[in-house]
Protein chains: 2
Amino acid sequence: MELAEAKKKFIETWGKLGSEWGINRTMAQVHALLLISPEALTTEEIMETLSISRGNANMTLRDLIGWGLIEKQHKAGERKEYFYADKDTWNIARQVAKERRKRELDPMLKALDELSKVEGDVNDPDYKTFNKSVTDINKLAKNVDKTLDTMLKAEENWFWGSLFKIFK
Amino acid sequence: MELAEAKKKFIETWGKLGSEWGINRTMAQVHALLLISPEALTTEEIMETLSISRGNANMTLRDLIGWGLIEKQHKAGERKEYFYADKDTWNIARQVAKERRKRELDPMLKALDELSKVEGDVNDPDYKTFNKSVTDINKLAKNVDKTLDTMLKAEENWFWGSLFKIFK
DNA sequence: TTAAACTTTCAATATATTTTGAAAGTTTAA
DNA sequence: TTAAACTTTCAAAATATATTGAAAGTTTAA
């Protein structure tokens, strides 16, 4: 496979993965493009390479900055803004986990906590089933939250090292 | 909060979570409804409770069966099909992880393996950056795959016990 | 100042996904 | 058989999400 072809395929693959995980395709593709670019790119270059509009490029770049996945770079004597991606996969994974926790897990934990407080007749099968499911899911969600918390604070080697020890 | 209100809220919350994770809202809501139902329900009851059409209910139920999250039940002397959900959160988590691995991670690993084989000039910064990113992501994906594999084979207590030991 | 270079906004448009519902298909009891 | 009870299908409609592009906004150098 040619490098040019491989690049296209990578951008496409990363885009598909993103859309399967709730990150929009274009956002994932811009991220992929920056991941394989040795140099920071301008909005213009990104628009051109991916055939997307200026508005789309601008919004997507802002989103990616919001996710902590890319950063702006200013070149001396230039007006234009350049963008580059953090290339460290561990950081990428952490950043994504961190954002999704904040955006999704936290609100869910809040809702579940409230729902597990609902009182009812312990002889009512409806109530019993409701309560058990909510409580169990709440426990699971809390475990996930705790694990993520520790993971986010951890160093890469320490994390993977420990993980391999258990999952040998 | 009233039980009836709490049930509604739970179905809504689970639905929202699902849609954030690439599972469609209705599918997550039907799953939620069955999770809090002590008895298996008919298509009719599900349609009514969630105000969805027959076609939608039928397709969603088939999808949920495909994901291994619910099962059909036949009651003696009845023509109708009843549906019930596995209530064990550990099984649910495992089932979802298993399906997503099969549907998403496996194809991605295949694509990444191919892309990491692409050869090029080691003095070309383009090639070097491409190669490093692809290789790194491939490693990460393989680690995730390995971890999931072990997790899927593991027993609940063993898994959470070990996880807590590291992430104390 | 001002005007060129650049960035941001957002209503309109396009695309993708989900849902409907009526018709077709299947199963079963009599 | 047959007809009632039930399930499945799928084209059309509705809804949700993403994208465009031109206009408005901002910054900077002269």
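Given the structure is predicted, the values throughout are model-derived calculations rather than measurements. Throughout, protein chains are lettered first and strands after them, A, B, ... in sequence-line order, and every chain is numbered starting at 1.
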Checklist entry - What nucleic acid atoms does B:Thr42 come within less than 4.0 Å of, heavy atoms only: base, sugar-phosphate, or nothing? => result nothing
Next on the checklist: Students often get this wrong, so: under 4.0 angstrom with heavy atoms, is B:Arg54 touching a base, only sugar-phosphate, or nothing?
Outcome noted: base
What integer distance in Å separates [X]:[atom1] from [N]:[atom2]?
X       : N      : atom1 : atom2 : result
A:Met47 : C:dT8  : CE    : C1'   : 13 Å
A:Phe83 : C:dT8  : CZ    : C1'   : 11 Å
A:Leu64 : D:dA18 : CG    : C1'   : 15 Å
A:Ile46 : C:dT7  : CD1   : C1'   : 13 Å
B:Lys16 : D:dA16 : NZ    : P     : 15 Å
B:Leu50 : C:dT18 : CG    : P     : 16 Å
A:Gln73 : C:dT7  : CD    : C1'   : 18 Å
A:Lys80 : D:dT27 : NZ    : P     : 19 Å

Checklist entry - Nearest nucleotide by nearest heavy atom, which residue falls closer to the 5' end of DNA chain D, A:Ile23 or B:Glu44? => result B:Glu44
With both distances under 3.5 Å as the test, what is the Watson-Crick or G-U wobble partner of [N]?
N      : answer
D:dA18 : C:dT13
C:dT1  : D:dA30
D:dA12 : C:dT19
D:dG25 : C:dC6

Return the nearest nucleotide to the side chain of [X]; candidates are [options].
X       : options                : value
B:Ser53 : D:dT8, C:dT8, C:dG21   : C:dG21
A:Asn56 : D:dT28, D:dT20, C:dC10 : D:dT20
B:Asn24 : C:dT19, D:dT8, C:dT8   : C:dT19
B:Met59 : D:dA5, C:dT7, D:dT9    : D:dT9
B:Arg25 : D:dT19, C:dT19, D:dA4  : C:dT19

Checklist entry - Looking only at atom types and distance, does a side-chain atom of B:Ser19 sit under 3.5 Å from a main-chain N or O of B:Lys16, one as donor and one as acceptor? => result yes
Item to check | Side-chain N,O (A:Thr26) to OP1/OP2 (D:dT19) below 4.0 Å | outcome: yes
Item to check | C:dT7 phosphate, OP1 or OP2, under 4.0 Å from A:Asn58 side-chain N/O | outcome: no
Checking [X] against [Y]: charged group under 6.0 Å from the ring centre and within 45 degrees of the axis?
X        : Y       : answer
A:Arg25  : A:Trp14 : no
B:Arg100 : A:Trp21 : yes
B:Lys75  : B:Tyr82 : yes

Checklist outcome for this item: Closest to the 5' end of DNA chain C, once B:Met27 and A:Tyr82 are matched to their nearest nucleotides, is A:Tyr82
Checklist outcome for this item: When A:Glu78 and B:Ile52 are each assigned the nearest nucleotide of DNA chain C, the 5'-most assignment goes to A:Glu78
Next on the checklist: Quick one about B:Thr42 and B:Glu45 (side-chain donor to acceptor, distance below 3.5 Å, no hydrogens or angles considered), yes or no?
Outcome noted: yes
Next on the checklist: For D:dT8, does the base pair up with any side-chain atom of B:Arg62 as donor and acceptor (N or O, under 3.5 Å, distance only)?
Outcome noted: no
Checklist outcome for this item: d(B:Thr49 OG1, B:Lys7 NZ) to nearest 0.5 Å is 9.0 Å
